[in-house]
Amino acid sequence: MGALTYDTLTVTAATQLQNELRDEIIIQARDFPVNTIAGADISFNKFSPTIYAGIILLRFPELIPIGYSLVKKEVRFPYVPGYLAFREVPALMTAWENLPQKPDLLVVDGHGIAHPRRMGIAAHFGVVAKTPVVGCAKKVLCGRYEEIPPEQGSNTPLIFKNDVVGAVLRTKYAVRPVFVSPGYRMDVPGSVEIITQCVGRYRIPEPTRLAHNIVNKFRLGEVPEGYTEV
DNA sequence: GCGACAG
DNA sequence: ATCTTGTCGC
């Protein structure tokens, strides 16, 4: 079975694929319980074609780690703003397939529909894997928003071309906000609600933060590839 | 034409 | 994304 890859695509072909996959996106209120949640992230050395992908599974709402899946892979598709999925989704998909137990909801580091063509990495992954996903990015990609109060939990809609595509959420008092947007089988309010419940002691919500930590340790050779029960 | 631009 | 150096604050 051939693993998913976008390495032979041109940016033009990638744009076309995004426009096709967009018709499969499902944005709706959450209609399932969340007892487990996962965080997905990528790590790599600058200028290297090797990328390290990881997904960490947590119990929800306790946010206690259950286990994690780590995989190393080569990529040729370059990083181009708006096309992040073509670089990271293949590796993340392998890590996903290696998970012995799938989470009720996945949080991906990046945007969902808060994207120029409404197909950010979180939406892309959700459509391909057919699983609930929410995107949580550290920086805006597109859209406008009003200044938000410094209070923890305050949030304002992220608007792109007159559509509410996500929300800007202050996870900590007076700290830079994060950008939340639904990816698949979630809507904006539901995404903000869940991400808010995922905030621990840091600016970055636990799923994504812990995924970043473990995949970084993996890249540095501090933890082995494969699935590890925690 | 000019500015913006996830990871 | 990654790496470095340095400062501020609990």
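Quick caveat: nothing in here was measured; it's all calculated off a predicted structure. Throughout, a chain's letter reflects where its sequence line sits, starting with A, and its residues are numbered from 1.
- When heavy atoms are screened at a 4.0 angstrom cut-off, A:Gly135 is found touching no nucleic acid atom at all.
- Checked options A:Tyr52, A:Tyr68, A:Phe44; the residue passing with A:Phe218 is A:Tyr52 (criterion: ring-ring contact (aromatic ring centres under 6.0 Å, His included)).
- The one candidate from A:His124, A:Glu24, A:His111, A:Glu20 that meets the side-chain contact (heavy atoms from CB on, under 4.5 Å) condition with A:Met119 is A:His124.
- With no hydrogens or angles considered, no side-chain donor-acceptor pair links A:Thr171 and A:Tyr202 at under 3.5 Å.
- Crowding of A:Lys172 atom NZ: a count of heavy atoms from other residues, nucleotides or ligands under 6.0 Å exceeding 12.
- Taking NZ of A:Lys72 as the start and CD1 of A:Ile51 as the end, the distance is 12.0 Å to the nearest 0.5 Å.
- Atom NZ of A:Lys102 has more than 12 neighbouring heavy atoms from other residues, nucleotides or ligands inside a 6.0 Å radius.
- The interatomic distance linking A:Asp41 (CG) with B:dA6 (P) rounds to 15 Å, in whole Å.
- Rounded to whole Å, the distance from CG on A:Leu92 to C1' on B:dA6 is 13 Å.
- When heavy atoms are screened at a 4.0 angstrom cut-off, A:Tyr83 is found touching base atoms of the nucleic acid.
- At the heavy-atom level, A:His212 lies under 4.0 Å from the strands shown only through sugar-phosphate atoms.
- Within a 6.0 Å radius of CD in A:Glu62, other residues, nucleotides and ligands contribute more than 12 heavy atoms.
- Regarding A:Phe86, its CZ atom lies at a distance of 16 Å from the P atom of B:dA6, rounded to whole Å.
- Heavy-atom distances under 4.0 Å link DNA chain B to A:Asp109, A:Gly110, A:His111, A:His115, A:Gly120, A:Ile121 of residues 107-122 of chain A, given in residue order.
- Within 6.0 Å of CD in A:Glu225 there are more than 12 heavy atoms belonging to other residues, nucleotides or ligands.
- A:Lys46 comes within contact range of at least one nucleobase, with a heavy-atom separation under 4.0 Å.
- Under 4.0 angstrom from either OP1 or OP2 of B:dG7 there lies at least one side-chain N or O belonging to A:Lys138.
- Nucleotides of DNA chain C with any atom under 4.0 Å from a heavy atom of chain A span, from 5' to 3', C:dA1 to C:dC3.
- Residue contacts shown for A:Arg219 are limited to sugar-phosphate atoms, with no base heavy atom under 4.0 Å away.
- Side-chain N or O atoms of A:Arg22 include none that pairs as donor or acceptor with a backbone N or O of A:Arg118 at under 3.5 Å.
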